There are 2 protein chains.
Amino acid sequence: MVKRLTTKDKILNAAEALFAEHGFEQTSLRQITADAQVNLASVNYHFGSKKALIQAVMARYLEVLMPALHQELQTLSQQPQITTRAVFDCFRGPLQELIHVCRQGPTIFLSLLGFAYTEIQGHLRRYTMAHFGDVIQLLLTLLHAANPQLSPAEMFWRLHFVLGATVFAQVSGPALREIAAADFGEAIEADDVLERLIPFLAGGVDAPSK
Amino acid sequence: MVKRLTTKDKILNAAEALFAEHGFEQTSLRQITADAQVNLASVNYHFGSKKALIQAVMARYLEVLMPALHQELQTLSQQPQITTRAVFDCFRGPLQELIHVCRQGPTIFLSLLGFAYTEIQGHLRRYTMAHFGDVIQLLLTLLHAANPQLSPAEMFWRLHFVLGATVFAQVSGPALREIAAADFGEAIEADDVLERLIPFLAGGVDAPSK
DNA sequence: TTTAAATTAAAACGCATGTTTAAAATGCGC
DNA sequence: GCGCATTTTAAACATGCGTTTTAATTTAAA
């Protein structure tokens, strides 16, 4: 005897799917509530505001991803030798675990992350830093250990280039996969994009600085 | 005796500045016309629609950048040896020339490009391909020559990772430079970001594929 | 069963957007 | 200086947004 989905969860599920496809600002509460088959006003009743809904959608993923990632990074940090590639490989597992939040979870999360960074500048970045700042710090530390020749400032920038390439690949993912399929006759899955991405990122971070 | 700026140009200038700072969708025609000190309706009179205005703003840059880039790539294509780094260095000059369109032209253009890709998915990409498809094709050819070991599909994806990192670096540029300045005490100019970016991109493209 | 709280529902509010309209102003060849 | 085409202006339009309100309904404890 399964309990029917609560209104709150119906909203979260519908919002997440629409956010991941069209972005936060481009998705209206009316679309969300129509998809979720709930009343428009229930969003503000259960979440207070659209902004709070966005945070709730993101939190559902971050609260799964961040602890898992933290543990992976902790384990890696006890290794004698640390490579950039090993650091990025730490993301694999935790990202895959997101399928427990939702089918297509990894892809959806990265899309959300992309829109979060390009749309609402401070808002969500501050939330992430406040709640999971230690994970980010550990990540930076490990990347620096893997590349001691790079200055902290250099590493800061490269990490954001990494984020940019990742996020962009996901946001433009559907359109690009379409083009790729047409031009190269191969159907490329979202997970494959990550496979192609990681070597690229590691190569970029490890590159000589001049 | 200088002619006063025409209404059309006043709109273009104001729109460009606001688009580069806040993106296309986040900028309203009322903000634009207020900054330009022209009437609201004149945008639709001179350009027909907001979408057409966006295209006009981008065209002003693309028509300067693309021929210059095309020539650089042509010159490079006659070299016996082609490296990834050399391909990316072809962008330096043409990008710098954009200061003739407008002071801060290079930065503004890259910001516009960023928003163009993240916001209006097809629209502008189709325009670019239609008008400057040969330049893009040449770019892909040269990158393949520099990395014959990579399959066309692989190169396709890496080129888009490149675009993602670039675009993201510019869009998040102001916010990130602020953080960097606070954390590392160094004031980083927009041009410096490009200096840091190019080695990263070349390293990523040249990375082994597995 | 009664009653108070929690939830859902329909409607409206206030505001901002891109666009259109129609009149006023301006520029310019004759 | 006249007359016509171009341009500018102010106002309104239609639409969509997030949010609020108020009433109806459901839920669950007494």
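Chain naming here is simple, since letters A, B, ... match the order of the sequence lines and numbering starts at 1 in each. What you are looking at is a predicted structure, and each value in this text was computed from that prediction instead of being measured.
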* To do: Using atom CZ of A/F47 as one end and atom C1' of D/dT20 as the other, report the distance to the nearest whole Å.
  => 18 Å
* Asked: Is there side-chain contact between A/L163 and A/L113, with at least one heavy-atom pair below 4.5 Å?
  -> yes
* **Under 3.5 Å side-chain donor-acceptor pair for A/N44 and A/S49** => no
* Interatomic distance where CG belongs to B/N39 and P belongs to D/dA11 [whole Å] -> 11 Å
* Taking only the side-chain heavy atoms of A/A41 (C-beta and beyond), determine which of D/dT19, D/dA10, C/dA9 contains the nearest atom. => C/dA9
* Passing candidate, salt bridge (charged side-chain N to carboxylate O under 4.0 Å, His left out) with B/R92, options B/E195, B/E97, B/E72 -> B/E195
* To do: Report the distance from atom NZ of B/K8 to atom P of D/dT6, rounded to the nearest whole Å.
  => 14 Å
* Structure fact -> By nearest-nucleotide position on DNA chain D, the 5'-leaning member of A/Y45 and B/Q37 is B/Q37
* Look at A/T7 and C/dT8 and indicate whether a side-chain polar atom (N or O) is within less than 4.0 Å of OP1 or OP2. => yes
* **Pairwise 5' ranking along DNA chain D for B/S42 and A/G48, keeping only the more 5' one** => B/S42
* To do: Go through the structure and list residues passing ring-ring contact (aromatic ring centres under 6.0 Å, His included) with A/Y61, not counting sequence neighbours.
  => A/F109
* Is a donor on one side and an acceptor on the other found under 3.5 Å between the side chain of B/R158 and the backbone of B/V205? -> yes
* Could you tell me whether the side chain of A/K50 and the main chain of A/F24 form a donor-acceptor pair under 3.5 Å? => yes
* Asked: Which nucleotide sits closest to the side chain of A/N44: C/dA9, D/dT19, D/dT9?
  -> D/dT19
* Structure fact -> B/I54 CD1 to C/dG18 C1', in whole Å, measures 11 Å
* To do: Would you mind telling me which residue lines up with the more 5' stretch of DNA chain C, A/H46 or A/L40, judged by nearest nucleotide?
  => A/H46
All N/O contacts under 3.5 Å from nucleotides 14-17 of chain C to the protein, with atom names and distances to one decimal?
{"unit_1": "C/dT17", "atom_1": "OP1", "unit_2": "B/S28", "atom_2": "OG", "d": "3.3"}

